[in-house]
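Here the structure comes first, spelled out in structure tokens, and everything after it is commentary.
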Amino acid sequence: MVRKIKKGEVLTYKEVAKKAKNPLAWRAVGNILNKNKDPSVPCHRVVRSDKRVGGYNKGKKEKIKLLKKEGVKIKGERVFHI
DNA sequence: CGTATGACGTGCA
DNA sequence: GTGCACGCCATAC
């Protein structure tokens, strides 16, 4: 599911879980992503419902940097919802 | 199979 | 805005 996120897209854990199948599994989403450090999965495009970057296996800083590079506006730890 | 944990979310003070 | 507690699902051991 996360793999389907295109460049510049920013979905929340809830949205991902919802599209995945279980709208209530958003908690597991982050959990799985964390352990499954798969480069094929742009997990850095998944943010919290608060629009915060959340975390990242390589560090939230890297996550923010990647997002900004892709054209996502980020204010510190905050992400501008598109 | 049961327990513990987490890149979380929501509610309340 | 911040901190605390509770609840939820999937995974790991």
Side-chain angles (χ1 to χ4, degrees):
Chain A
M1 189 57 224
V2 183
R3 208 183 288 178
K4 296 175 69 173
I5 305 177
K6 295 173 187 175
K7 181 168 169 266
E9 285 280 303
V10 182
L11 297 180
T12 64
Y13 289 93
K14 263 191 176 172
E15 290 293 291
V16 176
K18 193 175 185 178
K19 292 190 175 196
K21 57 167 68 184
N22 291 349
L24 311 176
W26 42 267
R27 194 182 286 265
V29 176
N31 192 354
I32 296 168
L33 262 46
N34 167 261
K35 293 191 171 175
N36 184 26
K37 314 158 187 124
D38 195 331
S40 306
V41 184
C43 28
H44 61 270
R45 288 177 192 155
V46 186
V47 299
R48 290 181 50 155
S49 299
D50 314 72
K51 304 300 182 304
R52 281 194 196 177
V53 292
Y56 194 48
N57 51 19
K58 290 177 188 149
K60 63 182 179 186
K61 284 190 159 183
E62 276 298 318
K63 186 172 180 176
I64 296 170
K65 203 189 281 187
L66 288 166
L67 259 39
K68 281 176 117 177
K69 274 192 170 196
E70 295 191 352
V72 181
K73 310 282 189 192
I74 301 182
K75 178 69 168 172
E77 221 174 80
R78 224 63 163 208
V79 180
F80 283 83
H81 189 256
I82 308 178

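Proteins get letters first, then strands, A, B, ... in listed order; numbering begins at 1 in each. Side-chain atoms are counted along with the backbone in the values below, which use heavy atoms only and exclude waters and symmetry mates.
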(request) Write down the distance between CZ (A:Arg52) and C1' (C:dG3), rounded to a whole number of angstrom. (result)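 One finds 11 Å between C1' of C:dG3 and CZ of A:Arg52, rounded.
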
(request) Under the salt bridge (charged side-chain N to carboxylate O under 4.0 Å, His left out) rule, collect the residues that match up with A:Lys19, sequence neighbours excluded. (result)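 With sequence neighbours excluded, A:Lys19 shows a salt bridge (charged side-chain N to carboxylate O under 4.0 Å, His left out) to no residue whatsoever.
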
(request) Could you list the residues that satisfy salt bridge (charged side-chain N to carboxylate O under 4.0 Å, His left out) with A:Lys37, not counting sequence neighbours? (result)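 None.
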
(message) I need the full list of salt bridge (charged side-chain N to carboxylate O under 4.0 Å, His left out) pairs touching residues 42-51 of chain A, with sequence neighbours left out, sorted by first then second residue.
(response)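 For residues 42-51 of chain A, and leaving out neighbouring residues, the salt bridge (charged side-chain N to carboxylate O under 4.0 Å, His left out) pairs sorted by first residue read A:Arg45-A:Glu70, A:Arg48-A:Asp50.
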
(message) Starting from A:Leu66 and following side-chain heavy-atom contacts under 4.5 Å between hydrophobic residues (I, L, V, M, F, W, Y), which residues can be reached?
(response) A:Tyr56

(request) Specify the residue among A:Ala25 and A:Arg78 whose closest nucleotide of DNA chain C lies further upstream toward the 5′ end. (result)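 Between the two, 5'-proximity favours A:Arg78.
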
(request) Kindly write out the residues that satisfy side chain to side chain donor-acceptor pair (under 3.5 Å) with A:Asn34, not counting sequence neighbours, or none if the list is empty. (result)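 Counting only residues at least two positions away or on another chain, A:Asn34 forms no side chain to side chain donor-acceptor pair (under 3.5 Å).
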
(request) Encode nucleotides 5-10 of chain B as B, S and - characters from 5' to 3', where the letter depends on protein heavy atoms closer than 4.0 Å: B to the base, S only to sugar-phosphate, - to neither. (result) BBBBSS

